[in-house]
4 protein chains.
Amino acid sequence: MKELNTRDKILRAATELFSEKPYHETSVGEIAKRAGVSKGALFHYFPSKYELARQVLLGILDAWLKRLNERLKNLTGDAKIRAVVDALFELITESPKLSRFFLEVYEESLRLGRGADWDEFYGRYLGSVSEILKNAGVANPERKTVLLGALVDGLALHHLLSGGRLFNVEDMKEEVFRILKG
Amino acid sequence: MKELNTRDKILRAATELFSEKPYHETSVGEIAKRAGVSKGALFHYFPSKYELARQVLLGILDAWLKRLNERLKNLTGDAKIRAVVDALFELITESPKLSRFFLEVYEESLRLGRGADWDEFYGRYLGSVSEILKNAGVANPERKTVLLGALVDGLALHHLLSGGRLFNVEDMKEEVFRILKG
Amino acid sequence: MKELNTRDKILRAATELFSEKPYHETSVGEIAKRAGVSKGALFHYFPSKYELARQVLLGILDAWLKRLNERLKNLTGDAKIRAVVDALFELITESPKLSRFFLEVYEESLRLGRGADWDEFYGRYLGSVSEILKNAGVANPERKTVLLGALVDGLALHHLLSGGRLFNVEDMKEEVFRILKG
Amino acid sequence: MKELNTRDKILRAATELFSEKPYHETSVGEIAKRAGVSKGALFHYFPSKYELARQVLLGILDAWLKRLNERLKNLTGDAKIRAVVDALFELITESPKLSRFFLEVYEESLRLGRGADWDEFYGRYLGSVSEILKNAGVANPERKTVLLGALVDGLALHHLLSGGRLFNVEDMKEEVFRILKG
DNA sequence: TATGAATGAGCGTTCATTCAT
DNA sequence: GATGAATGAACGCTCATTCAT
């Protein structure tokens with residue numbers, strides 16, 4: 001592990017905690033403690049818990065999109081589609097609570113009257129994936145992207161709810177691949 | 001309107017409120033006020049906020065399953081499948097926050113070490129729908145039921161997040177129908 | 001001392017503390033502790049610190065006006081004027097911080113966008129005293145009431161600032177009496 | 001505008017802010033930002049927020065006394081008295097929050113056990129004005145100065161509280177002039 | 001001289017739950 | 001059955017001040 005600066009220590013601790021438990025059960029004091037800094041330092045870098053959570057989310061998605069694009073570099077056709085499906089299912093298996101956290105932060109933005117913060121973020125996510133599917137030769141890529149995104153979020157939730165016992169990941173990947181091809 | 005007894009007044013008020021806003025932003029005081037009873041009365045009938053929420057969820061799903069079965073009585077084949085899809089999309093359009101509430105209560109159960117409360121509930125939901133799909137001639141009904149449930153939950157969340165602007169409901173119904181048939 | 005109910009215990013403790021030190025240096029926890037109740041109980045009776053302070057102020061002024069009117073019952077002419085002056089100077093000597101508290105609560109009302117709460121309160125104070133002065137035969141009673149109110153508030157502040165060493169109360173009463181007569 | 005040095009930029013920003021809102025709602029961070037310097041620089045020049053506020057107050061009053069003396073240079077008798085009244089009412093109309101600020105800083109000094117800081121300051125203010133009134137031929141100049149100071153502070157506060165609707169400035173000046181002459 | 005990162009105590013307020021009546 | 005008074009822990013956030021650079 002390399003030495004992180006304070007801001008990154010806070011972001012890392014927050015990312016960990018928000019991946020473990022709900023937004024409203026994660027206190028800023030807890031985040032600060034896990035980061036090994038004071039509450040004051042946290043508020044020095046982030047004006048509010050909401051803004052910290054938003055940065056965490058942006059960080060997670062940017063990292064995911066970056067990794068996705070790297071993976072897709074030398075792939076074409078079905079391999080490209082399978083790579084997207086793989087990447088999405090990694091979200092399910094590695095960050096199953098991401099969908100929940102996504103929703104929580106979105107609701108917080110509504111409560112604070114910052115709903116507009118969101119459109120851009122949400123648009124970026126859908127825009128990137130839809131472009132990829134289109135290039136991979138998927139028919140109706142916009143509609144399929146919406147369907148795919150919803151399906152992945154839903155599967156993540158149910159995976160979470162069932163403790164992973166609800167479905168076999170490889171089987172489900174195959175189903176999703178067929179949907180994209182069909 | 002018929003006169004409801006105290007317990008039912010509380011359940012109705014809680015159902016309304018949990019359909020409007022998150023579990024953690026709905027206080028028991030608010031539920032009691034909406035029901036027109038005292039907080040004491042609420043705790044007389046329900047040992048905790050969690051248990052009340054669980055009863056609300058059971059009530060919602062039982063009512064939905066009951067309505068679904070009534071609808072399916074005289075239908076066969078594709079009409080049956082379409083009726084299931086219609087019923088699921090009504091959850092999305094009429095109770096878009098149900099998925100979120102579902103998730104919240106589940107997490108509360110984990111926090112309280114009552115995760116076991118859930119298996120039965122979740123199993124009942126999937127069991128019913130899987131049976132219906134099987135009777136309607138859907139191939140691989142168990143796996144398709146899981147996929148369908150996840151997809152509907154995911155669409156509900158995204159419908160909520162996008163303020164309904166993300167997809168056209170009828171188009172998406174058609175996609176889902178094709179998935180079930182494929 | 002008779003046994004007070006919880007609400008009155010809170011009001012009494014708050015009145016004491018707000019008379020001792022500034023609004024912003026008096027915490028609700030401190031008020032609750034002095035009253036011998038929990039913070040929760042305080043918020044059970046008063047929706048906010050501001051509203052509690054407002055009730056304290058209303059209580060102080062109502063009590064003062066009541067005592068004033070009782071005193072004036074059987075007096076006429078100059079005796080009436082002297083009684084008003086006496087009552088006002090009692091505010092200075094017994095509750096020298098009242099003016100400061102008055103201002104603090106007023107500013108809080110502005111901050112909370114509740115400025116309207118105030119007009120009624122302020123009007124009641126001026127209305128009562130102006131009516132009394134008019135009946136006592138003072139010329140230009142409205143203008144004199146304003147002047148008198150300002151003078152008393154100012155004297156209270158300076159009395160406070162100087163630790164009581166700035167002026168002799170009886171001498172100053174005489175000056176004020178002359179102003180009202182002039 | 002001439003270029004100010006850092007210390008004066010801080011003093012100017014603090015003077016502005018303390019004239020706009022209460023001492024306890026004005027943070028040192030806000031002062032530093034308005035001055036365009038760092039918090040560190042602020043604490044380099046002033047050992048505490050309290051000491052900065054005290055310097056602000058001294059600056060305001062010194063400037064006021066200086067302007068007053070300039071104005072009075074070639075005046076005698078009633079014109080002198082009227083000039084003093086004019087200058088005092090300018091405090092009310094142009095810096096209505098000065099009295100409040102005065103009080104706040106005084107209380108802060110008490111809290112910090114620096115009450116002695118104050119006697120000198122307060123004495124200088126009263127001393128100057130009393131000397132002027134005496135030279136203008138006012139009877140009982142010390143007592144009248146106390147009364148005048150209190151009246152002006154009180155009027156400033158009520159002017160503030162009423163949003164300027166409580167009294168007509170010119171009418172009130174006339175009243176005050178009569179009091180000084182009487 | 002000047003910076004701004006970092007501290008940590010303190011604030012007003014919310015809330016599920018208990019219990020005497 | 002039903003009330004609502006009372007609890008107390010927890011929360012997000014602010015702030016004057018210190019200090020290494």
Side-chain angles (χ1 to χ4, degrees), chain A residues 5-7 9-10 23-32 35-53 108 112, chain B residues 5-7 10 24-33 36-52 108 112, chain C residues 5-7 9-10 23-32 35-53 108 112, chain D residues 5-7 10 23-33 36-53 108 112:
Chain A
N5 64 28
T6 300
R7 189 174 193 276
K9 279 195 277 186
I10 295 166
Y23 178 83
H24 287 104
E25 286 176 27
T26 306
S27 72
V28 302
E30 205 173 357
I31 295 168
V37 304
S38 69
K39 265 199 286 186
L42 190 153
F43 282 98
H44 183 72
Y45 287 101
F46 302 94
S48 65
K49 182 187 180 185
Y50 163 69
E51 198 57 32
L52 170 57
E108 193 71 353
L112 299 173
Chain B
N5 62 31
T6 299
R7 194 189 136 93
I10 294 165
H24 288 104
E25 287 176 27
T26 306
S27 70
V28 303
E30 205 174 356
I31 295 168
K33 185 176 284 175
V37 306
S38 70
K39 272 200 281 188
L42 191 153
F43 279 95
H44 182 74
Y45 286 101
F46 301 93
S48 66
K49 184 188 180 184
Y50 162 69
E51 198 56 33
L52 169 57
E108 192 72 354
L112 299 173
Chain C
N5 62 30
T6 299
R7 188 174 193 277
K9 279 195 277 187
I10 294 166
Y23 178 82
H24 288 105
E25 287 174 28
T26 306
S27 71
V28 303
E30 206 174 356
I31 296 168
V37 304
S38 69
K39 266 201 282 188
L42 191 153
F43 281 97
H44 183 73
Y45 287 100
F46 302 94
S48 64
K49 183 187 181 185
Y50 163 68
E51 198 57 32
L52 169 56
E108 192 71 354
L112 299 173
Chain D
N5 62 30
T6 299
R7 194 189 137 91
I10 294 166
Y23 179 82
H24 288 103
E25 288 176 27
T26 306
S27 70
V28 303
E30 206 174 355
I31 295 168
K33 185 176 285 176
V37 305
S38 69
K39 272 199 282 187
L42 191 153
F43 279 95
H44 181 76
Y45 286 102
F46 302 93
S48 66
K49 182 186 180 187
Y50 162 69
E51 198 57 32
L52 169 56
E108 193 71 355
L112 300 173

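Chain identifiers are assigned alphabetically (A, B, ...) following the order of the sequence lines, protein sequences preceding nucleic acid strands; residue numbering begins at 1 within each chain. In this text, all values refer to a predicted model and were calculated from it rather than measured experimentally.
Of all nucleotides listed (F/dG4, F/dA16, E/dA6), E/dA6 comes nearest to the side chain of A/His44. Candidate nucleotides E/dT7, F/dA5, E/dG12 were compared by shortest atom distance to the side chain of C/Lys49, and E/dG12 ranks first. With distances taken from any side-chain atom of B/Phe43 to the nucleotides F/dT18, F/dT7, E/dT17, the minimum falls on E/dT17. Comparing F/dT7, E/dC15, F/dG12 against the side chain of B/Ser27 picks out E/dC15 as the nearest.
Consecutive Watson-Crick or G-U pairing (both distances under 3.5 Å) extending over three or more pairs maps onto DNA chain F as E:2-21 with F:2-21.
Residues C/Phe43 and C/Lys49 share a closest heavy-atom pair of CE2-N, 4.4 Å.
Each of C/Thr26 and D/Ser38 was matched to the nucleotide of DNA chain E holding its nearest heavy atom; the match closer to the 5' end belongs to D/Ser38. Each of A/Val28 and B/Gly36 has a nearest nucleotide on DNA chain F; the 5'-most of these lies closest to B/Gly36. Ranked by how close their nearest DNA chain F nucleotide is to the 5' end, A/Pro47 and D/Gly40 are led by A/Pro47. Between D/Ala41 and A/Arg7, the residue whose closest nucleotide on DNA chain E is further toward the 5' end is D/Ala41.
Following rounding to the nearest Å, C/Glu25 (CD) and E/dA9 (C1') show an atom-to-atom distance of 15 Å. In this entry the distance linking CD1 of A/Ile10 with C1' of E/dA6 reads 10 Å, nearest Å. One atom, CD of C/Glu30, and another, P of E/dA9, lie 18 Å apart when rounded to the nearest Å. With rounding to whole Å, B/Asn5 atom CG is found 14 Å from F/dA2 atom C1'. Spacing between atom CG of A/Leu42 and atom P of E/dA5 amounts to 14 Å, rounded to whole angstrom units. Going from atom CD1 of A/Ile31 over to atom C1' of F/dC13 covers 13 Å, rounded to whole Å. If you measure from atom CD of D/Glu108 to atom C1' of F/dT17, you get 13 Å, rounded to the nearest angstrom. Atom NE2 in A/His24 sits about 14 Å away from atom P in E/dT14, given to the nearest Å.
Nucleic acid contact class of B/Tyr45 (heavy atoms, under 4.0 Å, all strands): sugar-phosphate only.
Close to F/dA6, at under 4.0 Å from its OP1 or OP2, lies a side-chain N or O of C/Thr6.
To the nearest 0.5 Å, the span separating CD on C/Glu51 from CG on C/Leu112 amounts to 10.0 Å. Between atom CG of residue C/Leu42 and atom NZ of residue C/Lys9 there is a gap of 12.5 Å, rounded to the nearest 0.5 Å. One finds the NZ atom of A/Lys39 at 7.5 Å from the OG atom of A/Ser27 (value rounded to the nearest 0.5 Å). Rounded to the nearest 0.5 angstrom, C/Ile31 CD1 and C/Ile10 CD1 are separated by 9.0 Å.
Taking 4.5 Å as the limit, some side-chain heavy atom of B/His24 sits within range of a side-chain heavy atom of B/Glu108.
Residues passing the ring-ring contact (aromatic ring centres under 6.0 Å, His included) test with C/Tyr23 are C/Phe18, sequence neighbours excluded.
In the interface, the side chain of D/Lys39 is not paired with the base of E/dT3 through any donor and acceptor atom under 3.5 Å apart.
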